[in-house]
Amino acid sequence: MRIVLDSKQMRAVDNYMINTNKIPGLLLMENAAMGICDAVMERTDPCTVHVICGMGNNGGDGLAAARILLTYGYDVYVVLAGTLENMTEDAARNYGLFSVLDRRTKHIQSIEDLMDWEIPEANVIVDALFGTGIAREAEGFYKALIEYINSQDAALVVGVDVPSGISADTGAVMDVAVRADITVTFQYPKMGHFLFPGREYCGELIVVPIGVDEGCEVLQEAKVCVYESQDEDICIGRRASNTNKGDYGRLMLIAGSKGMAGAAVLGARAATRVGAGLVTVGAGDDVLQVVQQAVPEATCKLLQDENGMLLKHSIFEIARAAKGKTAIAAGPGLGTSDEI
């Protein structure tokens with residue numbers, strides 16, 4: 001299981017690591033950059049890399065990654081978009097090296113500035129433009145820059161933290177956004193990595209730890225998580241040989257109606273797949289005939305119906321059938337009549 005944060009929560013975690021756990025911001029940036037480089041180097045041999053950097057710490061991550069990739073033999077070119085006076089302190093320190101490598105660095109204030117730069121075509125583009133910091137639609141040459149990145153079909157596009165133009169909180173596209181093949185995010189995934197349409201823009205998501213945040217109250221208050229296939233919480237695991245399905249919970253599923261028997265079938269299959277022990281489907285005769293054929297492992301409870309819909313007084317039959325059950329699920333395919 002992974003905790004999922006929004007941009008405000010992640011800033012609080014960063015501040016905790018820096019101010020309470022005394023991890024320098026520059027070190028967090030270096031660790032983030034190494035995660036970006038690992039993702040690139042695992043997928044490519046030394047080749048031409050364009051790193052598109054903004055003026056914030058996301059751009060600083062890109063600058064640090066560019067420096068590291070250069071030492072590993074990659075042919076790296078850095079594009080700086082924005083006003084240099086607005087660059088954050090840690091990003092400026094990572095800019096130090098590239099400020100003296102004139103042939104590898106280009107400060108642009110229009111898309112034409114980039115087009116006029118005669119450099120080799122990119123095999124990899126690192127998008128370190130905005131990350132989680134975007135709060136409004138991309139405009140002007142920033143929009144043109146994102147469109148330029150998306151036009152480079154032959155390049156592997158690596159998003160830093162969150163693809164530029166995607167809201168880290170909602171997954172919304174802020175008018176235009178980078179379509180990444182890989183997104184390398186730091187410490188925790190963000191809401192925008194999972195909420196559509198942002199999910200479609202992230203490509204493969206890689207979560208890289210960059211510091212120690214043990215004891216941070218933000219994490220204890222986080223209300224969103226994502227489960228992964230190896231998590232014990234969603235893994236049934238091996239069951240003892242001297243047990244039966246009744247030892248693993250008894251579910252009463254009230255589902256289905258005329259024309260919607262499939263809802264009862266899907267519900268019963270889902271219940272058994274996630275580990276419910278004894279599954280009993282309560283429904284009218286037409287629905288149960290379908291369920292018994294499609295999900296033979298489920299038991300059935302016949303409930304009174306009329307024209308394929310359960311009646312109001314079916315609640316008394318359901319109450320009797322529910323005795324001894326561990327859980328009740330009701331709703332799939334029942335319809336929306338007043339009696340229901």
Side-chain angles (χ1 to χ4, degrees), residues 33 36-37 39-40 43-88 90-131 133-134 136-166 173-184 201 203:
I36 298 165
C37 294
V40 172
R43 292 162 176 80
T44 65
D45 293 321
C47 58
T48 301
V49 181
H50 295 180
V51 185
I52 315 294
C53 298
M55 297 296 113
N57 283 340
N58 193 254
D61 295 337
L63 284 160
R67 169 175 46 78
I68 295 168
L69 287 171
L70 199 59
T71 66
Y72 279 91
Y74 283 78
D75 189 22
V76 182
Y77 299 87
V78 173
V79 176
L80 285 164
T83 305
L84 292 177
E85 289 75 15
N86 294 336
M87 187 175 284
T88 63
D90 287 339
R93 293 181 69 178
N94 273 303
Y95 173 54
L97 169 67
F98 282 92
S99 64
V100 297
L101 298 178
D102 289 340
R103 80 175 188 88
R104 294 191 177 276
T105 310
K106 181 79 170 178
H107 176 219
I108 68 169
Q109 293 184 311
S110 71
I111 193 66
E112 288 74 25
D113 291 341
L114 177 59
M115 297 302 183
D116 292 341
W117 195 20
E118 296 183 0
I119 53 175
E121 186 175 336
N123 304 110
V124 177
I125 296 178
V126 176
D127 161 35
L129 195 56
F130 294 134
I134 193 166
R136 56 187 175 86
E137 292 185 352
E139 298 174 340
F141 91 99
Y142 291 110
K143 180 178 180 179
L145 195 51
I146 290 173
E147 290 172 340
Y148 166 79
I149 294 172
N150 288 339
S151 71
Q152 305 304 298
D153 296 332
L156 175 73
V157 178
V158 180
V160 176
D161 215 358
V162 178
S164 292
I166 296 295
V173 175
M174 312 298 276
D175 187 35
V176 65
V178 169
R179 285 190 175 274
D181 298 301
I182 305 163
T183 297
V184 181
Y201 284 73

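The two residues Tyr95 and Leu80 come nearest to each other via the heavy atoms CE1-CD1, 2.9 Å. When all heavy atoms of Cys37 and Leu69 are compared, the pair lying nearest together is SG-CG, 3.7 Å. Shortest non-hydrogen contact noted between Ala64 and Asn94 is CB-OD1, 3.6 Å. Considering all non-hydrogen atoms of both residues, Ala33 and Ile68 come closest at CB-CD1, 4.0 Å. Minimum interatomic distance between Ala154 and Glu121 (heavy atoms only, all atoms of both residues): CB-OE2, 4.4 Å. Here the closest heavy-atom approach between residue Ala138 and residue Ile134 is recorded as N-CD1, 4.4 Å.
For the atom pair CD1 (Ile52) and CG (Leu114), the distance works out to 6.0 Å, reported to the nearest 0.5 Å. Going from atom CZ of Arg179 over to atom CD1 of Ile146 covers 12.5 Å, rounded to the nearest 0.5 Å. To the nearest 0.5 Å, the span separating CD on Glu137 from NZ on Lys143 amounts to 8.0 Å. Taking CG from Asp90 and CG from Leu63, the interatomic distance works out to 11.5 Å, rounded to the nearest 0.5 Å.
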Worksheet item: Should Lys106 and Val78 be marked as a side-chain contact (heavy atoms from CB on, under 4.5 Å) after you check the CA-CA gap, both sets of side-chain angles, and the distance that decides it?
Response: CA-CA 6 Å; Lys106 181 79 170 178; Val78 173; over 6 Å; no
Discussion item. Using side-chain contact (heavy atoms from CB on, under 4.5 Å), reason through Val126 and Ile36 one step at a time and then give a plain yes or no.
Written reply: CA-CA 9 Å; Val126 176; Ile36 298 165; 4.3 Å; yes
Item to complete: Evaluate the side-chain contact (heavy atoms from CB on, under 4.5 Å) criterion for residues Thr183 and Val162: first the C-alpha distance (whole Å), next the side-chain angles of each, then the deciding distance (0.1 Å), finally the verdict.
Response: CA-CA 7 Å; Thr183 297; Val162 178; 5.6 Å; no
Worksheet item: Does the pair Val178 and Tyr201 meet the rule for a side-chain contact (heavy atoms from CB on, under 4.5 Å), with working shown?
Response: CA-CA 7 Å; Val178 169; Tyr201 284 73; over 6 Å; no
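Asp113 meets the salt bridge (charged side-chain N to carboxylate O under 4.0 Å, His left out) test with no other residue; sequence neighbours excluded. Considering only residues two or more places apart in sequence or on other chains, Tyr142 meets the ring pair (Phe, Tyr, Trp, His ring centres under 6.0 Å) condition with Phe130. Residues that satisfy the salt bridge (charged side-chain N to carboxylate O under 4.0 Å, His left out) test with Arg103, not counting sequence neighbours, are absent from this structure. For Glu139, the salt bridge (charged side-chain N to carboxylate O under 4.0 Å, His left out) criterion is met by Arg136, not counting sequence neighbours.
Here side-chain hydrogen bond (donor to acceptor under 3.5 Å, both in side chains) pairs that include residues 145-165, with residues two or more places apart or in two chains, are Asp127-Ser164, Asp161-Thr185, Asp161-Lys190. Applying the salt bridge (Lys or Arg N to Asp or Glu O under 4.0 Å) test to every pair with at least one member in residues 57-78, sequence neighbours left out, gives these pairs: Glu30-Arg67, Asp75-Arg104.
Between the side chain of Thr105 and the main chain of Phe98, a donor-acceptor pair closer than 3.5 Å is present. Proximity of a side-chain donor or acceptor of His50 to a complementary backbone N or O of Pro120 within less than 3.5 Å is detected. Side-chain atoms of Asp181 come within 3.5 Å of backbone N or O of Val157 as a donor-acceptor pair.
Looking only at side-chain heavy atoms (C-beta outward), Leu101 and Leu70 come within less than 4.5 Å of each other. A heavy-atom distance below 4.5 Å is not found between the side chains of Val124 and Val51.
In the displayed structure, Asp116 atom CG is contacted under 6.0 Å by more than 12 heavy atoms of other residues, nucleotides or ligands.
One side chain, Thr44 or Tyr74, offers a donor N or O that lies under 3.5 Å from an acceptor on the other.
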